A.B. asks: 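Dropping a structure here in structure tokens format, bear with me for questions.
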2 protein chains.
Amino acid sequence: MKHAELAEKECAIARTWAVIGERWTMMVLRELFRGSHRFEEIQAKLQTGRNVLADRLQQLEADGVIERRQYQDRPVRHEYHLTQKGEDLYPLLLAMLRWGNTYTVDEPPLRLRHKSCRHVVEPRMVCDSCGEELQRRDLRAQFSENAW
Amino acid sequence: MKHAELAEKECAIARTWAVIGERWTMMVLRELFRGSHRFEEIQAKLQTGRNVLADRLQQLEADGVIERRQYQDRPVRHEYHLTQKGEDLYPLLLAMLRWGNTYTVDEPPLRLRHKSCRHVVEPRMVCDSCGEELQRRDLRAQFSENAW
DNA sequence: CAGTATCCTCGAGGATACTG
DNA sequence: CAGTATCCTCGAGGATACTG
């Protein structure tokens, strides 16, 4: 199965993976969330091939995750910004950050401080209805009949 | 940069990606969370090469995300189960599920119902200290000096 | 049934030169 | 500075036969 075919499965996780699942895509998103918006800036940081970066940016734009904004006329130059659809990937990044800080490093290279309550944040997944932290055993999966 | 080199970066997201970022790895995890535990079962569902699946399972075991449990003697047969470290990837799956349900499908192929409050769950990321939903703009990033 | 071994394909990623 | 174009490498993934 080719990477793009995941987008055709009746599965939200597979389809999400089709958007973000290529190696450099997630690293590009990390840079965008961090505040890098220009090609050279991202390329210098990630040390990836220019063609690879150009391709990933085009794909993310095609998927509606980022948009290009022209900031200069001659020559034409663009910045890359997350759309709302892109911003909504933030919880996913938070989940990776938390897991990574817990299991893959000694000292967390990045901590997030909540401006309002001033605490270092450990992001938690809760139910939007009752506010309880979500445990797998408390959830009942309901698949539609054509689900993958 | 090779995939495995991401594990050496001083970045929790890159290191997490080194564990879960290969194409079939996430699909294998999805099956495990769904309750599939046997090789044939997973292979039949994902339609992936047997060698690829065997390799991914070995890697996940080496990373401490799953463990093999012998359930039969002759011939020796194992089931694959998530460890606590693996279970802790659940928020990440939830984040992908929510985003995918919102942006990539018409009708969600999978919904999760919270047994306690009986509502269909929309998972939300909140601050563990104050309980407020986490927005990127409310967080201040603090990098250690050697962070990638 | 649960893998291992072997061989193959193809495309993601890398390197570099070039352009306005 | 921000790409595009071109060519190349290597490894992830696929297919299949085989084993206890």
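Owing to the predicted nature of the structure, the values given are computational and were not obtained by experimental measurement. A note on names: the letters A, B, ... follow the listed sequences, proteins ahead of strands, and every chain is numbered from 1.
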A.B. asks: Report the relative orientation of the aromatic rings in H81(A) and H37(A); use parallel for angles under 30°, tilted for 30 to 60°, perpendicular for over 60°.
C.D. replies: parallel
A.B. asks: How is H3(B) classified with respect to the nucleic acid when contacts are heavy atoms under 4.0 Å: base, sugar-phosphate, or nothing?
C.D. replies: nothing
A.B. asks: Whole angstroms only, please: what is the CZ-C1' distance between R69(A) and dG3(D)?
C.D. replies: 20 Å
A.B. asks: Using atom CG of L46(B) as one end and atom P of dA15(D) as the other, report the distance to the nearest whole Å.
C.D. replies: 14 Å
A.B. asks: Let me know the distance between CG of L6(B) and P of dG14(C), rounded to the nearest Å.
C.D. replies: 10 Å
A.B. asks: Just call it for Q43(B): base, sugar-phosphate, or nothing, with non-hydrogen atoms closer than 4.0 Å on any strand.
C.D. replies: nothing
A.B. asks: Using a 4.5 Å cut-off on heavy atoms from C-beta on, say whether the side chain of H114(B) contacts that of D138(A).
C.D. replies: yes
A.B. asks: Output yes when E87(B) and R136(A) qualify as a salt bridge under the 4.0 Å nitrogen-oxygen rule, no when they do not.
C.D. replies: yes
A.B. asks: Taking E40(B) first and then K45(B), would you say they form a salt bridge - that is, a charged N and a carboxylate O separated by under 4.0 Å?
C.D. replies: no
A.B. asks: For the pair R124(A) and E133(A), find out whether any cationic side-chain nitrogen is under 4.0 Å from an anionic carboxylate oxygen.
C.D. replies: yes
A.B. asks: Under 3.5 Å, is there an N or O donor on one side and an acceptor on the other linking the side chain of R50(A) and the base of dA15(C)?
C.D. replies: no
A.B. asks: Hey, is the side chain of Y71(A) poking within less than 4.0 Å of OP1 or OP2 on dC1(D), counting only N and O atoms?
C.D. replies: no
A.B. asks: Where each residue is assigned the nucleotide of DNA chain D containing its nearest heavy atom, which of E79(A) and N51(B) is assigned the position nearer the 5′ end?
C.D. replies: E79(A)
A.B. asks: Rounded to the Å, how far apart are H37(A) NE2 and dC1(D) P?
C.D. replies: 17 Å
A.B. asks: By nearest nucleotide on DNA chain D, pick out whichever of E40(A) and M1(A) is the more 5' one.
C.D. replies: E40(A)
A.B. asks: Does Q58(A) reach a base, just sugar-phosphate, or nothing at all? Heavy atoms under 4.0 Å.
C.D. replies: sugar-phosphate
A.B. asks: In the structure shown, which nucleotide is the Watson-Crick or G-U wobble counterpart of dA2(C), with both distances under 3.5 Å?
C.D. replies: dT19(D)
A.B. asks: If pairing requires Watson-Crick or G-U wobble contacts with both distances under 3.5 Å, which nucleotide is the partner of dA12(D)?
C.D. replies: dT9(C)
A.B. asks: Once hydrogens and angles are ignored, does a donor-acceptor distance under 3.5 Å link the base of dA12(D) to the side chain of R23(B)?
C.D. replies: no
